[in-house]
A.B. asks: 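Pasting a structure here, questions to come.
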Amino acid sequence: MKKMKLLFLFLTVLSFSAPSTARSRFGRESDLWDVYEDIWGHKEVADKIIDFVMSGPGQGQVYNRLATMTDKFGYRLCGSSNLEDAIDYMVDEFKKDGLENVHKESVKIPHWTRGKEWAKMISPRPKPLAMLGLGYSVGTPKEGITAQAIVVRSFDELKARATEAKGKIVVFNQIWENYSQSVQYRSRGASETAKVGGVASLIRSATGFSIYSPHTGQQSYEDGVKKVPTACITVEDAELLWRMSQRGENITLSLYMEAQNHPDVTSYNTVAEIKGSLYPEEVVLVSGHLDSWDVGQGAMDDGGGAFISWQALSIARQLGLRPKRTLRVVFWTCEELGIIGGQSYYKKHAHEAKNFDIIMESDKGTFTPQGLQFSGSEEAMKIVKTLARNLLSRVNATVVEKGAELSDVGQWLNLGVPGGSILNENSKYFDFHHSNGDTMTVQDSNAMDLCSAVWAVSSFVIADLDKMLPANRTIASLPFR
Ligand SMILES: *[C@@H]1O[C@H](CO)[C@@H](O)[C@H](O)[C@H]1NC(C)=O
Ligand SMILES: *[C@@H]1O[C@H](CO)[C@@H](O)[C@H](O)[C@H]1NC(C)=O
Ligand SMILES: *[C@@H]1O[C@H](CO)[C@@H](O)[C@H](O)[C@H]1NC(C)=O
Ligand SMILES: *[C@@H]1O[C@H](CO)[C@@H](O)[C@H](O)[C@H]1NC(C)=O
Ligand SMILES: [Zn+2]
């Protein structure tokens, strides 16, 4: 055994010394060529992974695993027993799957409950309004809030009509341009309402498509501003109220919410690994969040992203593959109420930044994949492009775009750690997002297999290259260390 190890070490030293002479002779470009050759050398293993997922024993596995979990536990709101039960279930599943170092890392998370709630129009004619209270919202008094409505298109319009808004329920019927623009109203609508003396706010759901579906989400009260109850309503009702108000009709609305903020509770990020054979302390991390809103099944946001991340490790394990670096999967807890699990992990592990080769997250759908989104150095970008073009063409995922979408792990980019996310055909993502429509019916087994293949090939190969992706990883002087 000892002898074998020595021989191995000798061979390793040999194989490492060759490229380093080349490096001193040819400089940086030759470094990149070494990495490209290393990638081409992984064609066989990449094909093995793709075959396993697309036509072998792995076919349909990720969809079935996700359906089993989401059908069993349903949605998984921060602070709920559903979420904690799902976390414990994942620990068992990771262990049953033969993954290593399976453990939970504790996190203090907020606990908000919705309770009973309703909204209705009283006049000019009675009509119930489908609604969902927004995260962190306070409730109404027991008798509810009944008041006249003012309907506006924008914050600017609200400011211009500030005197009119006093004592009223402010309805925001912002035009949908895109999520990042529309979500401003969901996040800030309540505080802007309170600033002009409004008594509650109802926000048009942040979606470009609706079949009368309210879409919930987090909102943030501004410090020092009165907290008024806030909920989202459907696109259809927001437009109805807007049309009525434009005709000069007087609208009276009634809102009832039992929403409550409770003391923090303990939850957990869930972690499992395949230890690296050569550089176990260096890590390629793949992830998604396990928590969801308390609607639908959280199958898309973010069950799919979390489960393709598990699948990336699971496929390697089932094929008996062990990369040079450690492959680590993390299921974040409590993303939806403010990236709580992701931030806690960052605080605990930022001092290990130099060991993080790349941090990957999937939280924007697991529809048909097209490739990857990447944040990092130019050289690293070239490497990821080479990987996608050469190893992912069989699954039509050869596009690499600049700019990874990293909801839980964005902070790591500030430490120079490269980031990756999955580029997929997610134009329908916000149709289902944070609504009762987010169920397994959104997911397609074949598309999930393709996503798993992309995720497994890219994470495994990056973890198995001779060198980490080129990056200036720093340990910033962090206030918490
Ligand atoms: C979203 O729309 C706003 C307003 O039209 C625009 O300024 C912004 O660039 C858009 N953002 C994205 C990500 O497309
Ligand atoms: C709306 O209500 C205001 C005050 O309550 C009243 O002056 C006005 O005439 C009403 N307008 C209509 C169209 O009923
Ligand atoms: C890749 O795209 C081609 C052309 O659109 C299609 O024929 C093929 O089925 C796709 N392959 C996969 C694995 O989806
Ligand atoms: C790292 O920083 C050095 C010095 O600023 C720079 O020359 C080099 O290109 C950087 N490398 C990467 C991979 O970003
Ligand atoms: Zn999400």
Side-chain angles (χ1 to χ4, degrees), residues 1-20 22-23 31 34-53 56-58 93-103 270-287 308-330 349 352-360 380 383-384 386-387 390-392 417-418 420 452-471 473:
M1 208 57 194
K2 268 256 167 70
K3 254 186 197 160
M4 282 290 284
K5 257 193 185 160
L6 268 179
L7 179 67
F8 183 62
L9 193 66
F10 179 65
L11 287 174
T12 309
V13 168
L14 259 191
S15 70
F16 266 49
S17 59
S20 83
R23 182 156 57 237
D31 265 9
D34 288 345
V35 183
Y36 296 163
E37 272 179 36
D38 199 354
I39 287 169
W40 298 329
H42 282 83
K43 176 74 179 144
E44 203 176 307
V45 73
D47 282 344
K48 209 168 154 182
I49 290 171
I50 292 169
D51 288 339
F52 181 84
V53 184
E93 288 297 304
F94 287 166
K95 284 181 180 163
K96 271 196 251 167
D97 200 27
L99 301 183
E100 297 156 8
N101 192 20
V102 177
H103 67 278
T270 315
V271 185
E273 292 182 337
I274 295 179
K275 276 281 173 215
S277 59
L278 214 48
Y279 314 114
E281 73 289 354
E282 293 177 1
V283 174
V284 166
L285 188 152
V286 288
S287 63
I308 65 163
S309 299
W310 170 22
Q311 202 65 12
L313 270 72
S314 184
I315 292 164
R317 212 280 306 148
Q318 291 175 73
L319 286 169
L321 301 169
R322 187 178 291 281
K324 297 191 179 81
R325 281 177 206 83
T326 294
L327 264 179
R328 179 179 300 163
V329 57
V330 184
H349 296 278
E352 300 159 40
K354 292 212 179 212
N355 284 333
F356 283 102
D357 192 353
I358 182 172
I359 294 198
M360 297 161 64
I383 292 167
V384 174
T386 304
L387 188 157
N390 288 278
L391 307 183
L392 297 175
V417 176
S452 301
V454 170
W455 220 222
V457 167
S458 48
S459 60
F460 180 84
V461 172
I462 292 171
D464 198 49
L465 293 176
D466 286 330
K467 294 193 193 118
M468 280 171 92
L469 294 176
R473 299 170 182 80

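In what follows, every heavy atom counts, from backbone to side chain, and hydrogens, waters and symmetry copies are set aside.
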A.B. asks: Could you check whether any side-chain N or O of Asp464 sits under 3.5 Å from a backbone N or O of Lys324, counting only pairs where one atom can act as donor and the other as acceptor?
C.D. replies: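 Between the backbone of Lys324 and the side chain of Asp464 there is a qualifying donor-acceptor contact (under 3.5 Å).
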A.B. asks: Do Lys275 and Arg322 come within less than 4.5 Å of each other through their side chains, counting heavy atoms only?
C.D. replies: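 Of all side-chain heavy-atom pairs linking Arg322 with Lys275, at least one is under 4.5 Å.
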A.B. asks: Would you say the side chain of Glu93 lies within less than 4.5 Å of the side chain of Trp310, judging by non-hydrogen atoms?
C.D. replies: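 Side-chain contact under 4.5 Å: yes.
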A.B. asks: Using every non-hydrogen atom in the two residues, find where Leu392 and Ala453 come nearest and quote the distance to one decimal.
C.D. replies: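 The pair with the smallest heavy-atom distance is CD2-O, 4.4 Å.
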A.B. asks: Is the shortest heavy-atom distance from the side chain of Phe94 to the side chain of Lys96 under 4.5 Å?
C.D. replies: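 Of all side-chain heavy-atom pairs linking Lys96 with Phe94, none is under 4.5 Å.
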A.B. asks: Using side-chain heavy atoms (C-beta onward) and a distance below 4.5 Å, is Asn101 in contact with Val271?
C.D. replies: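 A side-chain contact is absent here, since even the closest heavy-atom pair is not under 4.5 Å.
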A.B. asks: Is there a side-chain contact between Asp466 and Asp34, using heavy atoms and a 4.5 Å cut-off?
C.D. replies: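 Contact flag for Asp466/Asp34 side chains = no.
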A.B. asks: With side chains defined as the heavy atoms from C-beta onward, is the minimum distance between Ile49 and Leu321 less than 4.5 Å?
C.D. replies: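 Result yes, sub-4.5 Å side-chain heavy-atom pair found.
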A.B. asks: Quick one: does Pro470's side chain get under 4.5 Å of Ile383's, heavy atoms only?
C.D. replies: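 The answer is yes; the side chains approach within 4.5 Å.
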A.B. asks: Taking Gln311 for the side chain and Ser452 for the main chain, is one N or O donor matched with an acceptor at less than 3.5 Å?
C.D. replies: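 Such a contact is absent between Gln311 side chain and Ser452 backbone.
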A.B. asks: In Å, rounded to the nearest 0.5 Å, how long is the span from CZ of Arg328 to NE2 of His349?
C.D. replies: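 Going from the CZ atom of Arg328 to the NE2 atom of His349 covers 6.5 Å.
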A.B. asks: Please round to the nearest 0.5 Å and tell me the distance separating atom CD1 of Ile358 and atom CD1 of Ile462.
C.D. replies: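 Here the interatomic distance stands at 4.0 Å.
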